[in-house]
Every structure is written in C-alpha cells, then in structure tokens.
2 protein chains.
Amino acid sequence: MSASGLACCTPLTGTAMSARQAEQVAPLLKALADPVRLRLVSLIAASAGGEACVCDLNDAFELTQATISHHLKVLYSAGLLDRDKRGVWVYYAVRPAALAAVATLFDTPPRFDTAAPNPA
Amino acid sequence: MSASGLACCTPLTGTAMSARQAEQVAPLLKALADPVRLRLVSLIAASAGGEACVCDLNDAFELTQATISHHLKVLYSAGLLDRDKRGVWVYYAVRPAALAAVATLFDTPPRFDTAAPNPA
DNA sequence: CAGTCATATTGACAGACGTCGATGCCGGTG
DNA sequence: CACCGGCATCGACGTCTGTCAATATGACTG
C-alpha cells in the first residue's frame, strides 16, 4: 500500500504527462472514483474539526459496516485519509496535501494555446 | 452513456455532498482514473490546437489499437472528449467544461474551519 | 471495383472491484 | 474475568474492467 510519495504532478492540460506520473496519480483518482467514497471524503471534510468518527459515517449510508470499513481502508491506503484511534472509536480525517496533489492535475496553467510563439 | 449533464458540483471540502451529486461526478473521475486515459487526456490537451489524431495517440503507447480505441471511447462516453472525423482520420479534443466540472470538486472554498462562530 | 489504410466493434479471458454475512480483535464496563 | 460494542478482516459472490486477436466498417486510391 502506497500512501507516502503523494504524487506531485503537473497539470493535465499543460505539457504531456509522463507514464510514471500517470501511474502515480491514477490510484488517487481511482480511490476517489466511487460515489460512496466521494461522499465519505466530503462528509469527513465537512465535519467539525475536519474529522469524523466511523460510527457516524456508518449511519450516513445504507451499507454494511463492513463495506464502509472497506471504503475507508481504500481511501486510507491511497493516502487520502488520516486515521486516529481514540479508545473504542476511530476517527478519520482528510489529508489536505493529498487532495491538493490531485487538485494540481486540474489547475489550468497559463494558456499557450496552439504551440505558442515565444512572446519575447 | 451519459456525456451531457456534465456534473456541476460543489467542492469536496465545503458542505457534505449529496448522493445524487456523488453519483454524477464519480463516472467522470472513474473515466480519468486510469494511467493510460490520464496520459491520453494529457497528450490531447498538450497537442497543437488542443486536439490529436488517433493515429498519433496509438503510436504513443505500447498497446493495441483496439485498446486505445476502447480508452478513447470511455473518455468520450464520459463527456470528457469531443470527437471529430475528418476523412480517414479521427481527432479527439478535450472538453474544457468537463475538466472544469471535475476541477470544482477540488476547489478549496473559503475555510470556515470547525463550525465557525459567526464573525459578526 | 478491388485493395488498402485508419478506426471501431466483437468476443474472450484474467484480474480487480463492491458488497455482504460471519468472524476476529480490542478497549471499556459491570 | 466475562461480557458487550466498535471496527477490521476474511471468504464468497456477481459484476465490471483492461487487454488482446480477429473482424467489421468506412474512406480514400489506383
């Protein structure tokens, strides 16, 4: 399971992305590319303190506790969430850096349209 | 196959996302959540005129023509690409609006941290 | 019109994924 | 210490996905 390097990446739109970069970022997108996980991240991010208890997350879905736990593991393994066990409860928090890494993908770089003539 | 509504969406980080929203955006992310497709979009976006001929895209990968065609179809079906046939060749172009729709997911809204006390 | 080239489609297959019920683990409580 | 409750893990399942070889389609060429 990855979770460290955090996939710094150039925007999609600028210059062509390397195979290596693509393989680093794709897992992050894959982790987010599920309606349930999207809502989980959103719920956690919107919670007070930027973290949420698994018990509350379970109640927000009509899914088995096992399934929610699985989705949280996917997000955690991708490096998108932090995990903190406090007594009996477990709290997950969004890792802003991870989200930011993905966000850079969609940054629109200065638009040089069609093979821009050097504006010197 | 979708390709129209284009999934307008509130940022992940602001208020909790609805199930409906999540189900609209997830397919876009799913379409992008593959290294090959990520590179395809990147290659197309980085090409002169913001479009690229399939023949060139085929050459950029060590994959079968059928596989590239499949990936392009996935991206096209998700509404991320436009398709334009000119004679024997087919050109794909990135739909900036679609990319922008996904980008809004990662916009960081004004940070109200933990249940902000109204600063009145 | 027969041939060739660029894409798309089909069918097959192995592997990954989302979901569940059942079970295990561990921290509190009586 | 025995028990209960929150969460993770396991095993199984049907489905979806990425890839390929083969074939179809459709546009130009001689």
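Chain letters run A, B, ... following the sequence lines, proteins first, then strands; residues in each count from 1.
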Subject >> Minimum heavy-atom distance A:Asp34-B:Ala26, with the two atoms named >> reply: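 The answer is C-CB, 4.0 Å.
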Subject >> Nearest heavy atoms of B:Ala22 and A:Leu38, plus distance in Å >> reply: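 Residues B:Ala22 and A:Leu38, closest heavy atoms: O-CD2, 3.9 Å.
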Length of the [atom1]-[atom2] vector between [X] and [N], whole Å:
X	N	atom1	atom2	answer
B:Leu29	C:dC17	CG	P	16 Å
A:Asp84	D:dA8	CG	C1'	16 Å
A:Ile68	D:dC7	CD1	P	12 Å
B:Tyr76	C:dA8	OH	P	10 Å
B:Leu72	C:dT7	CG	C1'	10 Å
A:Phe61	C:dC20	CZ	P	12 Å

Original post:
In residues 51-60 of chain B, which ones come under 4.0 Å of DNA chain C, going by heavy atoms?
Top reply: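 B:Cys53, B:Val54, B:Cys55, in order of number.
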Original post:
Which residues satisfy the ring pair (Phe, Tyr, Trp, His ring centres under 6.0 Å) test with B:Tyr91, sequence neighbours excluded?
Top reply: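 Once residues adjacent in sequence are excluded, B:Tyr91 has no partner under the ring pair (Phe, Tyr, Trp, His ring centres under 6.0 Å) criterion.
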Shorter than 3.5 Å, N or O on both sides, protein versus nucleotides 18-28 of chain D: list them out with atom names.
{"residue": "D:dG18", "atom": "OP1", "partner": "B:Asp34", "partner atom": "OD2", "Å": "3.4"}
{"residue": "D:dG18", "atom": "OP1", "partner": "B:Arg37", "partner atom": "NH2", "Å": "3.0"}
{"residue": "D:dG18", "atom": "OP2", "partner": "B:Arg37", "partner atom": "NH1", "Å": "3.2"}
{"residue": "D:dT19", "atom": "OP2", "partner": "B:His71", "partner atom": "NE2", "Å": "2.4"}
{"residue": "D:dC20", "atom": "OP2", "partner": "B:Thr64", "partner atom": "N", "Å": "2.9"}
{"residue": "D:dC20", "atom": "OP2", "partner": "B:Thr64", "partner atom": "OG1", "Å": "2.9"}
{"residue": "D:dC20", "atom": "OP2", "partner": "B:Thr67", "partner atom": "OG1", "Å": "2.8"}
{"residue": "D:dC20", "atom": "O5'", "partner": "B:Thr64", "partner atom": "OG1", "Å": "2.9"}

Original post:
With a 4.0 Å cut-off on heavy atoms, is A:Tyr91 in touch with a base, just the backbone sugar-phosphate, or nothing at all?
Top reply: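 Answer is nothing: A:Tyr91 stays at 4.0 Å or more from every strand.
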Original post:
How would you label the contact of B:Tyr92 with the nucleic acid (heavy atoms, under 4.0 Å): base, sugar-phosphate, or nothing?
Top reply: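 Sugar-phosphate: the residue B:Tyr92, judged by heavy atoms under 4.0 Å, touches backbone atoms but no base.
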**OP:** Taking atom CZ of A:Arg86 as the centre, report whether more than 12 heavy atoms of other residues, nucleotides or ligands fall under 6.0 Å from it.
**Re:**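 Yes, the 6.0 Å shell around CZ holds more than 12 heavy atoms from other groups.
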**OP:** For A:Ala33, enumerate each residue passing the side chain to side chain contact (heavy atoms under 4.5 Å, CB included) test, keeping only those at least two apart in sequence or located in another chain.
**Re:**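 Partners of A:Ala33 under the side chain to side chain contact (heavy atoms under 4.5 Å, CB included) test: B:Leu29, B:Lys30, B:Ala33.
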Original post:
C:dT7 phosphate, OP1 or OP2: any side-chain N/O from B:Arg83 under 4.0 angstrom?
Top reply: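 Result: no.
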Original post:
Can you tell me if the side-chain N/O atoms of B:Lys73 get under 4.0 Å from OP1 or OP2 in C:dA8?
Top reply: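 Indeed not, no polar side-chain atom of B:Lys73 lies that close.
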**OP:** Please check if any side-chain donor atom of B:Arg83 sits under 3.5 Å from a side-chain acceptor atom of B:Tyr76, or the reverse.
**Re:**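 No - no donor-acceptor pair under 3.5 Å links their side chains.
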**OP:** Could you name each residue pair satisfying salt bridge (Lys or Arg N to Asp or Glu O under 4.0 Å) that touches residues 52-62 of chain A, not counting sequence neighbours?
**Re:**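 Applying salt bridge (Lys or Arg N to Asp or Glu O under 4.0 Å) to every pair that reaches into residues 52-62 of chain A, excluding sequence neighbours, yields nothing.
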Subject >> Short N-O contact, B:Glu23 and A:Arg39, less than 4.0 angstrom >> reply: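 Judged by the 4.0 Å cut-off on N to carboxylate O distance, B:Glu23 and A:Arg39 do not form a salt bridge.
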Subject >> Listed partners of A:His71 passing side-chain hydrogen bond (donor to acceptor under 3.5 Å, both in side chains), at least two apart >> reply: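 For A:His71 the side-chain hydrogen bond (donor to acceptor under 3.5 Å, both in side chains) partners, ignoring immediate neighbours, are A:Arg37.
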